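Predicted model, so just to flag it, every value in this text is computed and none were measured.
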Amino acid sequence: MELTELTAVQLVEGYRTGAFSPVEATRAALARAAEIQPAVNAFVLLTADEALARARESAERWRRGEPAGLVDGVPVTVKDILLMRGHPTLRGSRTVDPKGPWTEDAPSVARLREHGAVFLGKTTTPEYGWKGVTDSPLSGITRNPHDPARTAGGSSGGSAAAVALGAGPLSLGTDGGGSVRIPAAFCGVFGLKPTYGRVPLYPASAFGTLAHVGPLTRDVADAALLMDVIAAPDARDWSALGPAPGSFTAGLAGGVHGLRIAYSPSLGGQVAVRPAVAAAVRRAVERLAELGAYVEEADPDLTDPVDAFHTLWFSGAARLVQRFGPHQRELLDAGLREICATGARYSALDYLAAVDVRMDLGRRMGRFHESYDLLVTPTLPLTAFEAGAEVPKGSGLRRWTGWTPFTYPFNLTQQPAASLPVGTDGDGLPVGLQLVAARHRDDVVLRAAHALEAAGVRRG
């Protein structure tokens, strides 16, 4: 097996036994990144010299038997929304001055640095992460690793594509309305949006407490490993949770026997799901029952909160550009300019009314999880569509939220939610299944996803 095909867990074991070194793994990942970049456009920055220098330091630590941490020497990529010391964080925008200074790491990046990770570079994002596909005036279009004519999804599309194609097994993404889970589903990788505050975020997102930081990986064990690194408090995030109650990796082995699982194929008929997607998800749900879970079809008590989400999301965008002059505004993605204009027209009372909807939705989901440990849905009602478009051609939809009805509700409620690949459609495009648990039960999401993965659901 090539080094680029190994998981982070396998790389660490290889370093421990001396089967190969961090330098070899880093060279292979950098070569893979350079190879895929022309066709997929997953990166805005590759830091080869710096990565190899860190890899050599890691190799020496492993030689001494003194690794710095859980992911010492593992190649990692970082979405270009998160700060990485010494390099610009341009956020997909021509409005950001690349001169900096760039003197800080985001909390999750800082934890990875402390654990010896090797940073390969920064991955693409739509401008300020505003939409569910990845293209921007700054870096162009990021394409799907299974079909470059189609989108990788977004806004963490570069991270998902990089992981899917072997350019590092671990990547940091952000998720404000599905931005980890959407590209995970489209690219056929695993993506977790943790409980809000479980992974600290600094600087605070313009989209406020909708925005989460989470892992994109090729399997669930790697996501748990990454969570064991990044789910640590950071004084710069006033809303961060305290230390995690235990190791996410250690919690993977429990299986699903006895779990109470609600399967909602269409949120009570509110969502039109493509037949191939519905079939792949249903097969995986049947596997959960075979593994010993108590599964029944049940829909959470919710109506589509898209209007409230738009009020919060568009207001955040308007605040983001509030101090921009006419020239800076002209540089923005046209769609972002539109939602900023809409957001600027909302009143404080409009915003608070949206908060009321959010709080009630949280109450409803809290009560729902008194009866069910997990809610399972499709991650998305469709598979990847044409690249360079915010919505599928001919869909009649206006904004990206029109095709992501399963994802953004759980940013409003701040619950942990993950997308796991569970097969493909007739065109060979990945299908994702979403697992959602009560707040603070990230361990249940990861445990169930791991059990499904071990049962072979990726093969459909």
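- Look at E286 and R283 and you find no salt bridge, because none of the NZ, NE, NH1 or NH2 atoms lies under 4.0 Å from a carboxylate O.
- At least one side-chain heavy atom of S239 sits under 4.5 Å from a side-chain heavy atom of Y196.
- Residue pairs satisfying the salt bridge (charged side-chain N to carboxylate O under 4.0 Å, His left out) criterion with at least one member in residues 414-425, sequence neighbours excluded, are absent.
- S136 and E127 are not linked by any side-chain donor-acceptor pair at a separation below 3.5 angstrom, with hydrogens and angles left out of the test.
- When every heavy atom of L252 is checked against every heavy atom of H450, the shortest pair comes out as O-CD2, 3.4 Å.
- Looking at residues two or more places apart in sequence or on another chain, you find no salt bridge (charged side-chain N to carboxylate O under 4.0 Å, His left out) involving R337.
- A salt bridge is defined here as a Lys NZ or Arg NE, NH1 or NH2 lying under 4.0 Å from an Asp or Glu carboxylate O, and K193 with D175 fails to meet this definition.
- Y408 and F309 have their aromatic ring centers within a separation under 6.0 angstrom.
- Contact between G432 and V422 at its shortest, heavy atoms only, is C-CG2, 4.3 Å.
- Between R441 and D443, at least one side-chain nitrogen of the basic residue sits less than 4.0 Å from a carboxylate oxygen of the acidic one, meeting the salt-bridge criterion.
- Partners of S266 by side chain to side chain contact (heavy atoms under 4.5 Å, CB included), not counting sequence neighbours: none found.
- When all heavy atoms are compared, the tightest approach of S156 to K79 is OG-NZ, 3.1 Å.
- No salt bridge links E296 with R260; every basic N to acidic carboxylate O contact stays at or beyond 4.0 Å.
- Ring pair F385/W403 is perpendicular by interplanar angle, where above 60° counts as perpendicular and below 30° as parallel.
- Under the ring-ring contact (aromatic ring centres under 6.0 Å, His included) criterion, H87 pairs with no residue at all, not counting sequence neighbours.
- Considering only heavy atoms from C-beta on, L112 comes within 4.5 Å of I230 through its side chain.
- Inspection of the T134 and T142 side chains reveals no N or O donor paired with an N or O acceptor under 3.5 Å.
- Within 6.0 Å of CZ in R363 there are more than 12 heavy atoms belonging to other residues, nucleotides or ligands.
- The closest donor-acceptor contact from the side chain of K122 to the backbone of L83 lies at 3.5 Å or more, if one exists at all.
- With hydrogens and angles left out, the side-chain atoms of Q434 and T377 include a donor and acceptor closer than 3.5 Å.
- Salt bridge absent: R91 and D80 never bring a charged side-chain N and a carboxylate O closer than 4.0 Å.
- Here the closest heavy-atom approach between residue T379 and residue S419 is recorded as OG1-OG, 2.9 Å.
- No side-chain N or O of H212 forms a donor-acceptor pair with one of Q414 less than 3.5 Å apart.
- Between E338 and R398 there is a salt bridge, since a side-chain N of the basic residue sits under 4.0 Å from a carboxylate O of the acidic one.
- The backbone N or O of S347 sits less than 3.5 Å from a side-chain atom of D350, completing a donor-acceptor pair.
- Between E104 and R85, none of the side-chain N atoms (NZ, or NE/NH1/NH2) sits under 4.0 Å from a carboxylate O, so this pair counts as no salt bridge.
- Side chains of R399 and F314 form a contact here, defined as non-hydrogen atoms less than 4.5 Å apart.
- Between D105 and R111, none of the side-chain N atoms (NZ, or NE/NH1/NH2) sits under 4.0 Å from a carboxylate O, so this pair counts as no salt bridge.
- For the side-chain hydrogen bond (donor to acceptor under 3.5 Å, both in side chains) test, no residue two or more places apart in sequence or in another chain qualifies with D222.
- Here R447 pairs with L259, V444 under the side chain to side chain contact (heavy atoms under 4.5 Å, CB included) rule; sequence neighbours left out.
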